[in-house]
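On a predicted model such as this, the values are computed, not experimentally measured, just so you know.
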Amino acid sequence: MRPESLFPFFKPVTSINGIGPRIAILVEKAAGAHVIDLCWHLPSAIIDRRYAPRVADARPGVVATMTLTVDKHAKPPNKRLPYKVYCSDDTGKIALVFFHAHEEYLRKNLPEGEVRVVSGKIEQFGKELQITHPDHIGTPDEIARLKAVEPVYPMTGGLTPKPLVRAIREAISRAPDLAEWQDAAWLSQRGWTPWREALTAAHAPDSEAALHGDAPARARLAYDELLANQLA
């Protein structure tokens with residue numbers, strides 16, 4: 001008999017806010033049909049957005065999170081050319097490049113004369129530094145959230161990261177605080193945290209090493225799974 005505290009874990013993914021029937025099909029294909037499946041859908045890579053250079057120091061080919069002043073919008077003469085938003089700091093200039101752009105959206109999120117935090121991959125195009133289709137655009141008070149290590153999850157065709165990440169975060173929030181079932185001395189020897197902390201940590205890797213199966217958070221979850229299967 002399943003403990004009542006685990007009932008929310010075994011609800012369908014459509015019980016999660018924002019996951020309607022259409023998105024649910026894709027989420028189920030990527031991770032599984034139930035909330036608990038999202039908890040076990042662990043990151044396969046990371047994007048480190050902590051590199052925050054001035055424009056003059058920015059290295060092409062590297063993901064960076066930059067604090068910039070929006071100087072001007074340059075709308076192309078025809079739709080086949082990219083829309084550019086020129087930005088700067090006190091060390092240099094950089095262009096944000098958008099293809100098939102929606103001008104109203106860009107002017108709203110990148111208003112001229114305002115400071116914005118932009119995160120994306122730095123590229124060199126001729127003499128011009130560029131970020132093509134920045135991954136994130138925010139205000140200066142959001143820099144702590146944007147300048148972080150971002151988990152990357154296995155995906156499926158048609159599914160974008162935003163709804164999947166949102167669903168996984170809600171699934172983790174439903175995880176109950178369970179009584180510890182492992183031997184205290186064994187936990188101390190392995191350096192393992194409680195189960196719920198390990199689950200949360202496994203979805204918030206801060207390095208490539210944290211993605212490995214022998215990383216403490218993942219090892220704890222794997223050991224619990226093996227032990228539970230043996231006991232069952």
Side-chain angles (χ1 to χ4, degrees), residues 18-20 22-23 26-27 30 43-169 204-208:
I19 304 298
R22 185 180 65 84
I23 295 294
L26 299 174
V27 171
S44 57
I46 59 171
I47 299 175
D48 191 339
R49 301 189 183 279
R50 293 175 292 187
Y51 176 56
R54 309 296 285 169
V55 171
D57 302 321
R59 303 194 309 269
V62 179
V63 172
T65 302
M66 308 178 74
T67 301
L68 304 166
T69 298
V70 181
D71 295 326
K72 68 174 182 177
H73 286 239
K75 184 178 180 180
N78 65 71
K79 293 183 178 180
R80 290 177 295 179
L81 296 174
Y83 188 110
K84 293 187 177 184
V85 181
Y86 289 97
C87 302
S88 66
D89 61 18
D90 57 7
T91 70
K93 297 182 180 294
I94 188 168
L96 310 181
V97 180
F98 301 88
F99 292 90
H100 310 293
H102 297 280
E103 183 179 4
E104 183 178 351
Y105 170 83
L106 292 177
R107 287 192 177 276
K108 179 180 177 181
N109 285 276
L110 292 162
E112 292 181 353
E114 297 287 330
V115 175
R116 289 292 181 265
V117 177
V118 179
S119 187
K121 189 175 182 179
I122 305 292
E123 300 170 324
Q124 184 85 45
F125 187 75
K127 294 183 178 181
E128 186 176 77
L129 276 182
Q130 298 182 344
I131 299 177
T132 301
H133 288 282
D135 301 318
H136 300 290
I137 299 170
T139 57
D141 59 359
E142 296 177 286
I143 190 168
R145 178 179 64 83
L146 297 177
K147 198 174 72 173
V149 179
E150 187 176 289
V152 177
Y153 290 94
M155 303 292 288
T156 190
L159 182 63
T160 57
K162 190 173 181 179
L164 179 62
V165 171
R166 186 170 57 241
I168 288 172
R169 287 176 179 169
D206 59 1
S207 66
E208 294 286 348

Measure the spacing between OG of S119 and CZ of R145 and express it to the nearest 0.5 Å.
->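 So the OG of S119 and the CZ of R145 are separated by 10.5 Å.
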Report the distance from atom CG of L110 to atom CD1 of I137, rounding to the nearest 0.5 Å.
->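 Between L110 CG and I137 CD1, I get 4.0 Å after rounding to 0.5 Å.
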Apply salt bridge (charged side-chain N to carboxylate O under 4.0 Å, His left out) to [X] and list each qualifying residue two or more places apart in sequence or on a separate chain.
X    : value
D48  : R50
D141 : none
K93  : D71
K84  : E128

To check you understand the geometry: which heavy-atom pair defines the closest contact between [X] and [Y], and what is its length?
X    : Y    : answer
M66  : A58  : CE-CB, 4.2 Å
P205 : P43  : CD-CG, 4.1 Å
V117 : P140 : CG2-CA, 3.7 Å

What residues form a side chain to side chain contact (heavy atoms under 4.5 Å, CB included) with A167, not counting sequence neighbours?
->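 Listed in chain order: I16, I19, L38.
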Who are the side-chain hydrogen bond (donor to acceptor under 3.5 Å, both in side chains) partners of [X], not counting sequence neighbours?
X    : answer
N78  : none
T91  : D89
H136 : E150
E208 : none

Can I get a per-line list of side-chain donor-acceptor pairs under 3.5 Å for residues 95-104, giving both atom names and the distance, sequence neighbours left out?
{"unit_1": "E103", "atom_1": "OE1", "unit_2": "K75", "atom_2": "NZ", "d": "3.3"}
{"unit_1": "E103", "atom_1": "OE2", "unit_2": "R107", "atom_2": "NE", "d": "2.9"}
{"unit_1": "E103", "atom_1": "OE2", "unit_2": "R107", "atom_2": "NH2", "d": "3.4"}

Is the closest basic N to carboxylate O distance between K121 and D135 below 4.0 Å?
->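 No salt bridge links K121 with D135.
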For the pair V149 and R49, evaluate side-chain contact (heavy atoms from CB on, under 4.5 Å) and give the outcome as yes or no after the intermediate values.
-> CA-CA 6 Å; V149 179; R49 301 189 183 279; over 6 Å; no
Only one of V70, T69, V55 clears side-chain contact (heavy atoms from CB on, under 4.5 Å) with C87; which?
->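 Per the side-chain contact (heavy atoms from CB on, under 4.5 Å) rule, the option paired with C87 is V70, out of V70, T69, V55.
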If you look only at pairs with a residue in residues 67-95, which of them pass as a ring-ring contact (aromatic ring centres under 6.0 Å, His included), with sequence neighbours excluded?
->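 Counting only pairs at least two positions apart or across chains, the ring-ring contact (aromatic ring centres under 6.0 Å, His included) contacts touching residues 67-95 are H73-Y83.
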Is the backbone of N109 close enough, under 3.5 Å, to the side chain of R116 for a donor and an acceptor to pair up by distance?
->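 A pair under 3.5 Å: yes.
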Name every donor-acceptor pair, under 3.5 Å, that has one atom in a side chain of residues 157-166 and the other anywhere in the protein, sequence neighbours excluded.
none

Given side-chain contact (heavy atoms from CB on, under 4.5 Å), test V115 with L68 step by step and report yes or no.
-> CA-CA 6 Å; V115 175; L68 304 166; over 6 Å; no
Do the side chains of V118 and T65 get nearer than 4.5 Å, heavy atoms only?
->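 They are not in contact (no side-chain heavy atoms under 4.5 Å apart), so the answer is no.
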